Chemist: 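Please find one structure pasted underneath; my questions will follow.
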Amino acid sequence: MSYPEYKQPLNYGQVGTDILAWWKQNSIFEKSVSSREGQPTFVFYEGPPSANGAPGIHHVMARTVKDIFCRYQTLLGKQVPRKGGWDTHGLPIELQVEKELGITKEDIGKKISIEEYNQRCRETVMRFKAQWDDLTEKMGYWVDLDDPYITFEPEYIESCWALLKKLYDKGFLYKGYTIQPYSPAAGTGLSSHELNQPGTYRDVMDTTVVAQFKVVRDAASEKLFAADDAAPLHILAWTTTPWTLPANTGLAVGKNIPYVLVRTFNPYTGTPVRVVLAEALVGKYFTEKGKEASFEDFKSGDKVLPWRIENTFKGADLVGIKYERLFGHATGFPAFENEENAFRVIVGDFVTTEDGTGIVHISPTFGADDFRVAQQNGIPALMVADDEGKLSPIVDRTGRYVAQMGEFGGRWVKNYDGHDQSGADYKTLDESIAIRMKGDGTAFKVEKYEHTYPHCWRTDKPVLYYPLDSWFIKTTAVKDRLIELNKTINWQPASTGTGRFGNWLENLVDWNLSRSRYWGTPLPIWRTQDGTEEICIGSIEQMKQEIDKAVTAEIMTHNPYANGEKVDLHRPYVDDIFLVSPSGQPMYREPDLIDVWFDSGAMPYAQWHYPLENGEKFQKNFPADFIAEGVDQTRGWFFTLHALAVMLEDSVAYKNVMANGLVLDKNGNKMSKRLGNAVDPFATISQYGPDATRWYMIANAQPWDNLKFDVAGITEVQRRFFGTLFNTYSFYALYANLDGFQATETARVPHHELSELDRWILSKLQSLIKEVRGHYDAYDPTKAARAIQDFVTDQLSNWHVRLSRRRFWKGDLTPDKRAAYETLQECLTTVAQLMAPIAPFFAEWLYQNMTDGLRAAGVAESSPFAPESVHLTLLVQADETRIDPALEERMELAQRISSLTHSLRKKSVLKVRQPLQRILVPVFNDNTRAQVGKVEDLICAELNIKHVEFLDDTSGVLVKSVKPNFKRLGQQYGPKLKVVGARIQQMTAEEISTIEKTGQLTVDIEGETYTLAPDDVEIRTQDLPGWLVATDGALTVALDVTLTDELRQEGVARELVNRLQNLRKDSGLEVQDKIRVTLGQQPELQAAVQAFGDYIREEVQALSLDFAPEISDGTVLEFDDYSVPARLEVATA
RNA sequence: GGGCUUGUAGCUCAGGUGGUUAGAGCGCUACACUGAUAAUGUAGAGGUCCCUGGUUCGAGUCCAGGCAGGCCCA
């Protein structure tokens, strides 16, 4: 038996297991790479997962996408090495370890040594590796698990160091600061995690100030001033932290927010002013009464402030306006660097009209937003030099103003030292500042205000947003290049590239590398105490040499690596290394670790230990042709890969990237262990098999859309697609084995000798190859899957095979039968190839079932079927010469005519078994007539009718209807379309006839004359009097339901065949068994046998068919109006 | 709050450049078929195309503004 047959329905889970074992045993994955040696490389980067948690169903999704395109490129003949990788550093692992040990960050180095702690992290991070490896295999994700890159290994870290040094040498690495939550009382920065502790946000009552910033009258602001009006003009801005006002260096407005200019008086000094604020917030500061109040009568101290709106404008109009510093040099406040660029109005995307004035006071040293927009707009921060000449903000690390702050120097910003505040004369710094501003006429409103403010969870004291030292990569220096090169990347979906990623690049700030943690890649920078000398170490070798120097300088006692000891570049070991500066000073390592995203972004280099070795290997595998990860990686891995590639290689890191969406539960909720709606990938795969799972995920929604995961969808895919394909194969195998047919690549029935049906499905197959290749090429696997599915279920199974069944049942291996086998064989093997990237196991199963029997011949002939695995084959090319659009068109006509006729039979209760004489198809052009004519035989066979007759116009019996062609008419008549359309729908039969015959029709509508052309209307057959009629668009079919005696008898014959076939089947006979039949006497049956005996005997494989008055031991056959006993015996040869 | 994204039948999804009767599969109902049969065919029920406004002779489609879900930031 050449083709394996399966009596039971296929167990898809078992197929997965079996194929997997076979792959392993025969090293198919390895061969899929090695067999492409010397061919062009398709470079794929594996985004490293972290193995500190169990994998979920969403990982199956992400990895299916990766796998599809790697397998596809392999099928195209490219070599696709796939080095696996593990992400092993970072905060989630540290938090997990802390939780398990029951410690906090503060305990590290005290209750547990850094050494032990990091050892725990190292053990924890690979805890689920076995599960991950298991899932990888079972889902059929082909990636090299034997030689992965692991980010905690010394070589990997060393590569990161080398890259950091390259950046350092290019001047891209610098020490600066960012604004972070900081607790002066505890003297430490707080992580967002710490800030999210319960109880940290509390309601407090603070003094708040609406400050007046005096606008400088110049070209930029002139439009605000009335030409002849010298009254001072101020911008109002509100703050709940008045102590930051002396550090103000900018004001931010909303680009599209409407603002007004209001003439009024300062409530504290009573002097006339004009102020700018958001239109929406006028009511907050001015009363209805004041709108009417007299300016002339106003006296200082009056409750009601008169006011009038003088002008309105958009935020954008204010940008660039300069204003005077609130606390200037004249009153003893310090000058600062770049001061000439400060005190300007800029746009801030965070500005709202929720509260305040719709204008935000910017102090870059004390707010994260402030810092960011200031940096983006070139607004300097107010920094002053301390005693050692080091720059510092106006508040020191203990929470008090520095000495240079004039009258406020040395004051506590908040009560961090616990001093006594109970005295009647006691004033907080905020209050003192507000009082001074009232006097200066720079306060427009001062009030107490209750709001929530974060507090340190350990000291209960307010948190400050404060500049803390960090190391940065100067990504802004290459911003334009990042944007430029991003435009060359093919993003799937494109919107992620232009939108989410593009906008991120447009608003780029420098990459903050520093992390104050323990388990990660240490920053390889050593500095002297005063920070004047530093060195960036780029390799272990260089570090050893520097240690030797330090030993010579007696800064270190000995070189711990002198005798070739294994180097661990983690903390705490690197912290114990001290180096010597050129001037002989000791240098200490900057204590930070680097952002873990640097680790993963460095994988194109570090996975090969480049740049320390493997230069050629790196060049060959850079940049990647393709990467794929979740869309949440946009600012993570996608960015760090891009940033490093641009800065290090002036290149993209990847040419094509797919950002896939989330996997939600079937109700659209996020999956979580807590909610218990997480789907177990192992259970899913073992129950439904990896192929149906993968196919469902890919075919159901495009990978970049979120997927609502519902196992009902998998069972549907299983039944509808895999079940149909399996049935089609089984059908093929059953008959091919009976006939002893085995396909070959040579000596096939020539294409031009094939039947219409065969040439049609092969034409469809070529179109499918073309289409599916196109979709894979465009990184759109969903469309590829849907196209394959449609072909298999609708075209191949439900049309070609259904209509071809008789060809397989009958007689000897004639050329037509051979052609039927060969056609089906070609379709099945091609489908196996096309589906292989998405459903690798089932495709393998199908391919092997179809080709194992001819492997030896295949190998001898070097045929396409020589490879033992479908994944080692080369994907077929579409043969354009076999695509026949006209054939595809007429087959579609046949399908539609069949559908219409079935529907007519149904209406008149005439089962398909009852032959009918003819159908009528009205045709208006020769092409349709010719097209239908060529498929007449198919239609007749499918519908069990004798003839297709055509009806042309000349018959005059057709009743036609007409419909306006709105597209054409609309372009021509525009607004008049309505009346013209209405008129067309009222066209008479004569008018229709006129326009058909003469090619035009003139009609009068509302006094105007219109000339209509045939293209202006769509004419279709509506009815055929006296016939049963069905229509589908322009296609109409009429059925002749007249039954002659002969037709009736043939119907009876068919009924009899049907009953006998059932009997055969019920008796458990094999298809090829011959029988002898004896029937009870019944007039209608006897008449039918008289007329169609040969046909019946042939159909049921009967050597004899006789009637007898008495049937003993028979089975009763039920017909519509009578029952007849029958006996069936197997005929022995 | 910002950026991106999604919203079409009970469910999952299609619906180039605007064209009046919006489709498919599943599910449901009925009938038929029965040598591919846990398949198949035909018919039926099922829609405020998220809402509001605008452009247009005409909007599921284009524009503006909302609403709801999701992701990433703040």
Side-chain angles (χ1 to χ4, degrees), chain A residues 9 254 348-352 354 368-369 372 493 495-504 506-507 630-636 659 661-662 664 666-670 696 699-702 704-710 712-713 715-721 723-724 726-735 782-783 786 789-790 793-794 797-798 801-802 804-806 808-809 898-907 909-913 942 963-981 1030 1033 1057-1062 1064-1065 1069-1071 1099-1101:
Chain A
D349 53 21
F350 49 84
V351 179
T352 68
E354 294 288 300
D369 277 336
R372 179 171 54 84
S495 59
T496 300
T498 53
R500 187 178 286 210
F501 195 66
N503 290 341
W504 163 250
E506 293 289 343
N507 293 306
V631 67
D632 53 338
Q633 296 286 332
T634 306
R635 293 172 185 190
L662 266 66
L664 309 169
K666 65 177 175 182
N667 298 317
N669 299 313
K670 215 173 159 174
Y696 161 70
N700 189 65
Q702 286 180 306
W704 45 88
D705 288 333
N706 290 347
L707 173 69
K708 290 184 195 161
F709 188 90
D710 187 354
T715 54
E716 187 185 327
V717 158
Q718 212 171 52
R719 271 211 336 273
R720 187 161 173 74
F721 176 61
T724 304
F726 170 69
N727 275 336
T728 306
Y729 166 75
S730 296
F731 180 85
Y732 173 84
L734 174 66
Y735 290 103
T782 304
K783 286 190 175 155
R786 288 176 179 170
Q789 195 166 307
D790 178 72
T793 57
D794 293 350
S797 169
N798 208 15
V801 173
R802 195 151 58 84
S804 294
R805 276 181 298 182
R806 303 188 68 80
F808 294 95
W809 298 342
S898 298
S899 178
L900 288 170
T901 310
H902 277 304
S903 137
L904 289 172
R905 276 183 172 274
K906 156 85 177 128
K907 271 185 197 144
V909 200
L910 286 163
K911 44 182 75 170
V912 180
R913 248 182 253 125
E942 166 68 7
K963 184 180 162 237
N965 179 349
F966 287 100
K967 192 163 185 168
R968 242 186 90 89
L969 293 170
Q971 283 158 3
Q972 202 174 343
Y973 298 115
K976 291 174 184 161
L977 174 135
K978 269 195 176 136
V979 287
V980 178
V1057 167
N1058 166 251
R1059 300 306 187 275
L1060 291 173
Q1061 297 286 33
N1062 286 347
R1064 282 184 59 119
K1065 196 182 176 192
L1069 298 190
E1070 295 295 329
V1071 174
E1099 285 293 309
V1100 303
Q1101 305 276 293

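A quick note: this is a predicted structure, and the numbers were derived from the prediction, not measured. Every chain is numbered from 1, with letters handed out A, B, ... down the list of sequences.
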Chemist: Suppose you measure atom C1' in B:rU48 against the same atom in B:rC72; what distance do you get, rounded to whole Å?
Modeler: 34 Å
Chemist: Under 4.0 Å, heavy atoms only, any strand: does A:V801 hit a base, just the sugar-phosphate, or nothing?
Modeler: base
Chemist: So what does A:S797 hit on the nucleic acid, given a heavy-atom distance under 4.0 Å: a base, only sugar-phosphate, or nothing?
Modeler: base
Chemist: Of all the choices, B:rG35, B:rG27, B:rC4, which nucleotide is nearest to the side chain of A:Y735 once you look at every atom?
Modeler: B:rG35
Chemist: Are A:V801 and A:F731 close enough, and set up right, to give a side-chain contact (heavy atoms from CB on, under 4.5 Å), and what steps lead you there?
Modeler: CA-CA 9 Å; A:V801 173; A:F731 180 85; 3.9 Å; yes
Chemist: For A:K708 and B:rU12, is the shortest distance between a side-chain N/O and OP1 or OP2 below 4.0 Å?
Modeler: yes
Chemist: For B:rG53 and B:rG47, measure between their C1' atoms and round to the nearest Å.
Modeler: 23 Å
Chemist: Could you tell me the separation between the CG atom of A:N798 and the C1' atom of B:rU37, rounded to a whole number of Å?
Modeler: 13 Å
Chemist: Using OP1 and OP2 only, check whether a side-chain N or O of A:R720 sits under 4.0 Å from B:rU40.
Modeler: yes
Chemist: Roughly how far apart, to the nearest Å, are B:rA24 and B:rC71 at atom C1'?
Modeler: 29 Å
Chemist: Quick check: on RNA chain B, is the nucleotide nearest A:T496 upstream (toward 5') of the one nearest A:T728, or the reverse? Name the residue that is more 5'.
Modeler: A:T496
Chemist: If only atom types and distance count, is the side chain of A:Q789 paired as donor or acceptor with the main-chain N or O of A:V717 below 3.5 Å?
Modeler: no
Chemist: Taking the side chain from A:Y696 and the backbone from A:E716, do they hold a donor-acceptor pair closer than 3.5 Å?
Modeler: no
Chemist: Considering only side-chain heavy atoms of A:N503, which listed nucleotide, B:rA36, B:rG3, B:rG35, is closest?
Modeler: B:rG3
Chemist: With rounding to whole Å, what would you report as the distance between B:rA14 and B:rA59 at their P atoms?
Modeler: 25 Å
Chemist: Looking only at heavy atoms, what is the nearest atom pair of A:R786 and A:N700, with distance?
Modeler: NH2-O, 3.0 Å
Chemist: What is the distance from CG of A:L900 to P of B:rG41, rounded to the nearest Å?
Modeler: 15 Å
Chemist: Looking only at atom P, what distance separates B:rU8 and B:rU52, rounded to whole Å?
Modeler: 16 Å
Chemist: Treating A:N503 as the side-chain partner and A:G499 as the backbone partner, does any N or O pair qualify as donor plus acceptor under 3.5 Å?
Modeler: yes
Chemist: If you check every side-chain atom of A:Q1061, which of B:rA36, B:rG35, B:rU6 has the closest atom?
Modeler: B:rG35
Chemist: Nucleotide by nucleotide, 5' to 3', does protein get under 4.0 Å of the base (B), only the sugar-phosphate (S), or neither (-) in nucleotides 68-74 of chain B, counting heavy atoms?
Modeler: --BBSSS
Chemist: Looking across every strand, which nucleic acid part, if any, lies under 4.0 Å from A:N1062 by heavy atom: base, sugar-phosphate, or nothing?
Modeler: sugar-phosphate
Chemist: What interatomic distance, in whole Å, is found between C1' of B:rU56 and the corresponding atom of B:rG60?
Modeler: 16 Å
Chemist: Using the P atom as the reference point in each nucleotide, state the distance between B:rG2 and B:rC62 in Å, no decimals.
Modeler: 23 Å
Chemist: Specify the residue among A:K911 and A:K783 whose closest nucleotide of RNA chain B lies further upstream toward the 5′ end.
Modeler: A:K783
Chemist: Could you tell me whether a side-chain N or O of A:N706 sits under 3.5 Å from a main-chain N or O of A:G661, the two making a donor and an acceptor?
Modeler: no
Chemist: Would you mind telling me which of B:rC13, B:rU42, B:rU5 lies closest to the side-chain atoms of A:S495?
Modeler: B:rU5
Chemist: Send over the distance from A:D794 CG to B:rG23 P, rounded to a whole Å.
Modeler: 18 Å
Chemist: Let me know the distance between CZ of A:F726 and P of B:rU40, rounded to the nearest Å.
Modeler: 15 Å
Chemist: Between atom CG in A:N700 and atom P in B:rA24, what is the gap in whole Å?
Modeler: 18 Å
Chemist: Is A:R719 reaching over with its side chain to a backbone N or O of A:T724, donor-acceptor style, under 3.5 angstrom?
Modeler: no
Chemist: Over all strands shown, is A:S903 touching base, sugar-phosphate only, or nothing at heavy-atom distances under 4.0 angstrom?
Modeler: sugar-phosphate
Chemist: Please confirm whether the shortest side-chain N or O distance from A:R805 to OP1 or OP2 of B:rU40 is below 4.0 Å.
Modeler: no
Chemist: I'd like to know if A:T724 reaches the base of B:rA36 with its side chain, counting only an N/O donor and acceptor under 3.5 Å.
Modeler: no
Chemist: Within the distance-only criterion (no hydrogens, no angle test), does the side chain of A:R805 pair as donor or acceptor with the backbone N or O of A:R802 below 3.5 angstrom?
Modeler: yes
Chemist: Rounded off to whole Å, could you give me the CZ-to-P distance for the A:R719 and B:rG27 pair?
Modeler: 5 Å
